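Here is the structure we will look at.
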Amino acid sequence: MRSAEPPRLGPEELEALRRVSAAGAENAGLAISVLTGLNVRCSEPSVRSLQVDEVPALLGGDEAAVVAMHMAVTGGSPSDPRGSILIALAPDCAGRLLDALCPGRTQGPPPYAPYAPYAYGRGLAAPTDLSEMERSGLLETGNILAAAYLTAVSDKTRLNFVPSVPHLAVDMAGALIDYLVVELNEGRDSALLIDTRMQDASGELSARILMLPDPATLPDVLQALRQRGM
Amino acid sequence: MAARPGLPVRVRMGEVVACLGNQAPGGLAIYGLGSCVAVFVYDKSSGRVGGMAHVLLPAPLAGSPLTSPGKFAPTAVAALVDEICQLGGSRQALRAKLVGGAQMFPFTGRQGPTLGERNVTAVQEALASEGIAIAGMDVGGSAGRSLVARIESGMVRITSLRQDPREL
């Protein structure tokens with residue numbers, strides 16, 4: 001039977017999730033550093049339960065413009081859901097990421113000039129306004145980050161964690177989060193999330209990796225961790 | 001419900017807020033609405049009373065306890081209409097406006113209608129069963145929305161990141 005709240009986790013379970021996620025975060029940091037040539041570090045992940053409507057505040061607030069790459073995570077088939085990964089950047093950071101990924105990328109006409117697409121307010125580009133190269137640069141980054149993160153998690157748990165193809169959206173944080181959290185948590189009041197910040201040495205490129213475990217299959221993951229003495 | 005003078009009263013996820021117009025002089029607001037649906041109901045004849053629900057899901061899931069009726073379309077609409085009538089709203093004069101129900105990511109791995117579409121349909125059905133006419137809708141698409149609704153005039157102002165503000 002479903003409950004109104006996610007499964008209650010004890011301190012050891014939270015710690016086990018944190019340790020597994022830390023391995024994922026370290027791997028993701030390495031992958032993005034190699035990809036961009038920047039020295040990107042990931043923070044220690046924090047594992048916590050938040051009220052569903054508190055989640056957008058992590059990304060700057062309900063109306064903050066966010067560039068987000070989303071991937072569903074399964075154990076290998078859609079009938080075996082494990083959760084969601086959302087990689088979120090402020091628009092100016094997405095611009096910097098693209099500058100690092102595609103040096104000398106073509107700068108479009110004025111409304112879509114280098115940073116204009118990522119400016120706040122009405123100048124913000126839709127994913128369809130981005131060039132093919134920019135769009136695939138962002139999606140590929142999402143892909144690589146999620147794969148690096150989940151490979152480490154799979155190694156630790158000996159369970160499969162497979163990301164779907166990534167999807168890109170540029171919109172208000174509240175709107176991006178409401179669907180993910182509501183659909184995944186099926187109307188529960190709070191959501192468990194594993195939150196990792198990434199930042200480069202200059203502090204100019206920062207991003208957030210949010211892993212939202214599926215409450216229905218989280219007990220299997222915890223069981224696997226227990227069996228592995230974590 | 002605590003409104004600072006002039007500022008809109010925020011209606012959070014799963015909340016149902018009904019009040020007299022003079023209790024929300026800045027209107028009722030939801031910021032950053034994605035697949036959720038804002039249901040604004042107002043008394044067209046008096047302009048004195050109205051309210052808003054911030055619906056998350058089309059229906060409660062089987063086996064799930066009904067912790068907060070405001071989350072689900074049928075129970076949220078029923079609660080909203082009840083509260084408005086208790087505050088003196090006249091059922092025949094109630095009108096509804098719907099905003100939201102977008103699909104934020106292009107593909108969700110699920111067949112059939114999106115969560116946003118299912119939310120909109122469920123709210124329309126709930127309003128029909130309460131006998132309340134829909135006076136305006138700004139629903140669907142793939143963009144997030146913010147809105148402020150005015151009880152006295154029944155006007156709803158909608159903003160998105162990439163579109164001009166518009167009124168319903």
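If you're wondering where the values come from, they're calculated on a predicted model, not measured in any experiment. Residue numbers start from 1 in every chain, and the chains themselves are labelled A, B, ... in the order their sequence lines are given, proteins ahead of strands.
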> Are V73(A) and Y149(A) close enough, and set up right, to give a side-chain contact (heavy atoms from CB on, under 4.5 Å), and what steps lead you there?
Replying inline: CA-CA 11 Å; V73(A) 181; Y149(A) 185 98; over 6 Å; no
> Okay, side chain of E83(B), backbone of L80(B): is any donor-acceptor separation there less than 3.5 Å?
Replying inline: no
> Out of V67(A), L35(A), V40(A), T36(A), which one pairs with L97(A) under the side chain to side chain contact (heavy atoms under 4.5 Å, CB included) rule?
Replying inline: T36(A)
>> Counting only non-hydrogen atoms closer than 4.5 Å, does L180(A) touch chain B with its backbone (N, CA, C, O), its side chain (CB onward), both, or neither?
In response: side chain
> Do the charged groups of D62(A) and R10(B) touch, with an N to O distance under 4.0 Å?
Replying inline: yes
> Okay, side chain of R96(A), backbone of P91(A): is any donor-acceptor separation there less than 3.5 Å?
Replying inline: no
> So does R95(B) have more than 12 non-hydrogen atoms from other groups sitting under 6.0 Å from CZ?
Replying inline: yes
> Out of L115(B), I30(B), T159(B), which one racks up the most heavy-atom pairs below 4.5 Å with chain A?
Replying inline: L115(B)
> Any residues in residues 35-43 of chain B near chain A, with a heavy-atom distance under 4.5 Å, and which are they?
Replying inline: S35(B), C36(B)
> So, does T75(B) use its side chain to make a donor-acceptor pair with the main chain of P69(B) at under 3.5 Å?
Replying inline: yes
> When only pairs under 4.5 Å are counted, which of G100(B), A102(B), G144(B) shares the most heavy-atom pairs with chain A?
Replying inline: G144(B)
